[in-house]
Amino acid sequence: MSIPKEYIPHEIESKWKSAWNESIYYFDWNENKRPQYVIDTPPPYPTGNFHIGNSLNWCYIDFVARYKRMRGYNVMFPQGWDCHGLPTEVKVEEINGITKNQVPRAEFRRLCEELTSENIKKMRETMLELGFSTDWSNEFVTMDPSYYVKTQRSFVKMHEKDHIYQEEHPVNWCPRCETAIAFAEVEYESRYTNLNYLHFDKLKIATTRPELLAACVAVAINPEDKRYNDYIGKAIKVPVFGQEVKVISDDNVDPSFGTGVVMICTFGDKQDVRWWSEHNLPLRKAIDKNGYMTAIAGKYEGMTISECKAAIIGDLESKSLLYDQEHMEQNVGMCWRCKTPIEILSEKQWFVRINPDEILSTAEQIEWIPEHMKVRLQNWTGTMEWDWCISRQRIFATPIPVWYCRKCGQTMVAKEEWLPLDPTQNNPPVNCECGSNDFEAEEDVLDTWMDSSITPLHVSGWLTRDDTLLPTQLRPQGHDIIRTWAFYTILRSMSLTKIKPWDTILINGMVLGEDGHKMSKSAGNIISPDEVIANYGADSFRQWAAVGGTPGSDVMYRWKDVISASRFLQKMWSIYRFSMTHLENFDFDKNKRNLKELPLVDQWVLSRLNKVVISTTKSMDQYQFDEAFKQLRGFIWDVVADNYIELVKSRLYGEDIDDKLSAQYTLYTILNILIRMLAPFVPFISEEMYSRMGFETSVHLSEWPVGYKGDIDDDIEQQGELIKDIVASVRRYKSEAGIALNAPLKKIEIYATIPDIRDIAGATNSKVECMPGTPDFDYVPVEIKANMGVIGPKFRKKAGNIISKLNELDPKVAHEQISHGNLVIEVDGEEVELEPEALVIEKEVMSGGREVDVLDVKGIVIVIVK
RNA sequence: GGGCCCGUGGUCUAGCUGGUUAUGACAUCGCCUUUACACGGCGGGGAUCCUGCGUUCGAAUCGCAGCGGGCCCA
């Protein structure tokens, strides 16, 4: 079987993509021999584009999933799709040239489902290209009845526990989307606005929102503010509209802002809501759900907010009530989808009761990687001021299974066994307590987070199996949305099961473009994973994901990283090709060797290999993929390719059968272990190499190698390193002297005892001899240095002076002294005695006129006889 | 305004439980067709380890302050 010289990723990757049987990645629900490892894969929003940020996240997941399988876990790496939401509604309206109210609800929903299915298909394809070991038998789609029945049942269960309730309460409202939104959906942006100074009856106030004068319900001052003390408790008249409001005092009024007098409206901002509830103020709604002024705005009724603002300012000016304006910066809350400034309206909505303490204590029981990301959740949790508003005024979402009796007004929440259902399509199967069967359906639907915050429950078999697998072992997620998914999911999991959703959270960073900015459409620095695969293949892309940065840190996308990754594949392939041609007729099972029987160089490389296995395993266990892969790559390139192979070539090409078999045994062992460790990172090339070695099962069903501490021998390693260094040094010598690298030298004399010099002779193509004693040359000590590891702790404060004293010494004299015993020097008038271990003496060897060259390798003299 | 993270050759980065010679990749320059690989090998140049103060015999590493960047939030 000949192995092509060039590694062509496209051919190999597409071959395996179609050859692989995906069922090898299925989670086995019916076995209990292996420990479970369930991954709560984040369900992406099906935009149709599986972007590079997803890809980074999924590479991490796949590294873990493949690694854990090889370590003997029963792994579930499911894939879900978080379908519901506004962007799809908008897209459907765009594609079909309609608005959602022009077609029946069911029809509109069907159009959304269709588009979503197409998008899922596209994204699945990219995931397959990238070689993810997804368990497609556990795929879930939140818009399917089989999934949203769980969302609905969770609603009913939480309602029964009083964790969900309906109430009129201020909510964040997007007038463009005509829906309530949660705090998590509010984005803040700095904008400029005018601060308007108004005559307000006897007082002067400053406000950025004069259009809300009609909604003014009080005026507030700081109790410490002497200027206005007399007004507290008095009533004053609101200009233009004439309603009488009370002057109240509150510590939160900043006397230095504006005039120190603030008008309170229902509602200009969050602070208004706080004051409104603390001081039990009345409610005046001046803005309706569509963003128009209401009847209480009098002649301004029906205007938009900005029209009203302009009109009122004009009127105030003409009545000389506006006496000053100041340009100022202001942070405006906006809808994260459409960037329309949000309003705070009081509406009847459904809420989930939040329990910050429970969320915080649960977060403590979860391992966060990196640890500091937990703080973000804690900070966010601490700022929650009111409950989570879960009702939305949209169509493409999970329906709220509720009706209202038209006769008596009673709310009927569906029974779990009726679900799934859409109340706008089905009537309840029973009559109301009052006997009526005339119901009005709840048209509001659920926030999509109600779907996606139960994914760990869903993948664990909650409501479909007697036992759930909770907690799941891992949730991988980007750090941009910690506040939402972590908060909501912990909340739901605790409310519904009292079990934490995950053991571990693995956070990934954002992907930055080559310009250093977060990759985004608006920045125009987008690279798609498909583009990278088309050029260099999935294995190269995956290496970028592994070594681009530590999990949690942002990772810059760089073409050159992918290019060097593809070079590594070629290098590995070349090592493999070389090895395999020397292993053609080698039977591993018949030629097993005991470690100690092997030549020194083989023992050395195997000792190093065991160390790499142990440290790579440790890095994988800590999710440090960059460390793990760099160790592998470094070992393969530096140790195996540049040194080990060069050292054993002569044995592989030589006549000595036993020497040759030892090298073959060692090479085979190295390959077998390295290929399996590469498998989680570069699944395609690993499979190709593994299968060509004659294994019938997939490398992805093999076991992760075990490193044995007992096979690590520091003495052997030291001797092996010396051999490696001597050969490298001779290679360098030849290179610098212009001698062909395979040209023989007359003789190489090594002034040290090395038990096994056959590979030195082989690699240098020269006669090698270990010489007894010291060479017949003059040593010239050139420098005397302090060994700080010894001197520092021993002499403390004196160490500094000892160093400067040592620098003054003549290295020759010092060396003379130290060769007879300890070095005694005078420091600060005291005699200090230094042991040989405390010093390092650098020497040069003079060739003294002999017709030879002399090399120095770690203090050992090598004589080259030309 | 608050919180978290980060600042290391031209670029990106390792080290950061303190030990004097700071890792690697990419880029750059020079040499080499050598029984796997020129998508390779060997060698070279290139760093005020953001700044300042402090702790210490000794600081890239620990502390404080400042400057700069990123992210999350208000």
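Chain naming here is simple, since letters A, B, ... match the order of the sequence lines and numbering starts at 1 in each. A quick note: this is a predicted structure, and the numbers were derived from the prediction, not measured.
There is a side-chain donor-acceptor pair under 3.5 Å between A/E364 and A/Q378. Side-chain polar atoms of A/R567 and A/Q570 form no donor-acceptor pair below 3.5 angstrom.
Rounded to an integer number of Å, the gap from CG of A/L741 to P of B/C42 is 10 Å. The interatomic distance linking A/I645 (CD1) with B/G41 (P) rounds to 12 Å, in whole Å. The CG-P distance, from A/N379 to B/A74, rounds to 11 Å in whole Å. Note: CH2 (A/W573) to C1' (B/A38) measures 20 Å, nearest angstrom. Atom P of nucleotide B/A36 and atom CZ of A/F578 are separated by 5 Å, given to the nearest angstrom. Across the protein-nucleic acid pair, A/Q543 atom CD and B/C26 atom P stand 12 Å apart, rounded to whole Å. The nearest whole Å value for the distance from the CD1 atom in A/I739 to the P atom in B/C31 is 19 Å. Remark: C1' of B/C5 and CH2 of A/W368 are 15 Å apart, rounded to the nearest angstrom.
For A/S564, the side-chain atoms get nearest to B/C26 when compared with the rest of B/C26, B/U35, B/C37. Candidate nucleotides B/A36, B/C42, B/A27 were compared by shortest atom distance to the side chain of A/R567, and B/A27 ranks first. Closest approach to the A/D480 side chain among B/C42, B/C72, B/A36 is made by B/C72 (side chain taken as heavy atoms from C-beta onward). When the nucleotides B/C71, B/C42, B/A38 are ranked by their closest atom to the side chain of A/H479, B/C71 comes out on top. Taking the side chain of A/T550 as heavy atoms from C-beta on, and the options B/C42, B/A14, B/C37, the nearest nucleotide is B/A14.
Figure legend. B/C4 is base-paired to B/G70; pairs are counted as Watson-Crick or G-U wobble with both atom distances under 3.5 Å. Nucleotide B/A65 forms a Watson-Crick or G-U wobble pair with B/U51, both donor-acceptor distances falling under 3.5 Å. Across the strands present, B/G40 finds its partner in B/C32; the criterion is a Watson-Crick or G-U wobble pair with both atom distances under 3.5 angstrom. In this structure, B/U11 forms a base pair with B/A25, meeting either the Watson-Crick or the G-U wobble geometry with both donor-acceptor distances under 3.5 Å.
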Could you list, one pair per line, each protein nitrogen or oxygen that sits under 3.5 Å from a nitrogen or oxygen of nucleotides 9-12 of chain B, together with the distance?
from, atom 1, to, atom 2, distance (Å)
B/C12, O2', A/R558, NH1, 2.7
B/C12, O2', A/R558, NH2, 2.8

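The phosphate of B/G41 (OP1 or OP2) has a side-chain N or O of A/K571 nearer than 4.0 angstrom. Within the 4.0 Å cut-off from OP1 or OP2 of B/A36, at least one side-chain nitrogen or oxygen of A/Y653 is found. In terms of phosphate contacts, A/W637 brings no side-chain nitrogen or oxygen within less than 4.0 Å of OP1 or OP2 of B/G40.
The distance between the ring centers of A/Y623 and A/Y60 does not fall below 6.0 angstrom. Proximity of the aromatic rings of A/F681 and A/F568 is defined here by a centroid distance below 6.0 angstrom, and this criterion is not met.
Judged by distance alone, with hydrogens and angles left aside, the side-chain atoms of A/N765 form a donor-acceptor pair with the main-chain N or O of A/N742 at under 3.5 Å. Although no hydrogens or angles enter the test, the distance criterion places a donor-acceptor pair under 3.5 Å between the side chain of A/K734 and the main chain of A/L741.
Ring planes of A/W559 and A/Y536: tilted class, angle from 30 to 60°. Between A/W388 and A/Y488, the angle of the ring planes stays under 30°, which puts this pair in the parallel group of the 30/60° scheme.
For the P atoms, the distance linking B/U17 with B/C5 amounts to 14 Å, nearest Å. B/C6 and B/C49 are spaced 14 Å apart, taking the C1' atom of each and rounding to whole Å. Between B/U48 and B/C12, the two P atoms lie 15 Å apart (nearest whole Å). On the P atoms, B/G40 is 9 Å away from B/A27, given to the nearest whole Å. Rounded to whole Å, the P atom of B/C50 lies 15 Å from the corresponding atom of B/A59. Spacing of C1' atoms, B/G68 relative to B/U51, comes out at 11 Å, to the nearest Å. Rounded to a whole angstrom, the distance from the P atom of B/U61 to that of B/G44 is 29 Å. Annotation: B/G24 and B/A14 have their P atoms spaced 14 Å apart (nearest Å).
Not a single donor-acceptor contact under 3.5 angstrom links the side-chain atoms of A/E6 to the base of B/C37.
Residue A/Q631 is classed as having no contact, given no heavy-atom separation below 4.0 Å to the nucleic acid. A/R376 comes within contact range of at least one nucleobase, with a heavy-atom separation under 4.0 Å. Here A/A728 lies out of heavy-atom contact (under 4.0 Å) with every strand. Residue A/W544 is classed as having no contact, given no heavy-atom separation below 4.0 Å to the nucleic acid. Residue contacts shown for A/H582 are absent, as no nucleic acid heavy atom lies under 4.0 Å away. Counting any heavy atom pair closer than 4.0 Å across all strands shown, A/D626 reaches no nucleic acid atom. In this structure, A/K649 reaches the bases: a heavy-atom distance under 4.0 Å links it to at least one base atom across the strands shown.
With sequence neighbours excluded, the residues that form a side-chain contact (heavy atoms from CB on, under 4.5 Å) with A/D554 are A/H479, A/M510, A/L512.
RNA chain B is contacted by both A/K630 and A/I481; A/K630 maps to the nucleotide lying nearer its 5′ end (nearest heavy atom per residue). When each of A/V375 and A/V640 is assigned the nucleotide of RNA chain B bearing its nearest heavy atom, the one mapping closer to the 5' terminus is A/V375.
Within the 4.5 Å cutoff, the side chain of A/P9 has no heavy atoms near those of the A/D539 side chain.
Checked against A/W573 for a ring-ring contact (aromatic ring centres under 6.0 Å, His included), the options A/F578, A/F684, A/Y7 give a single hit: A/Y7.
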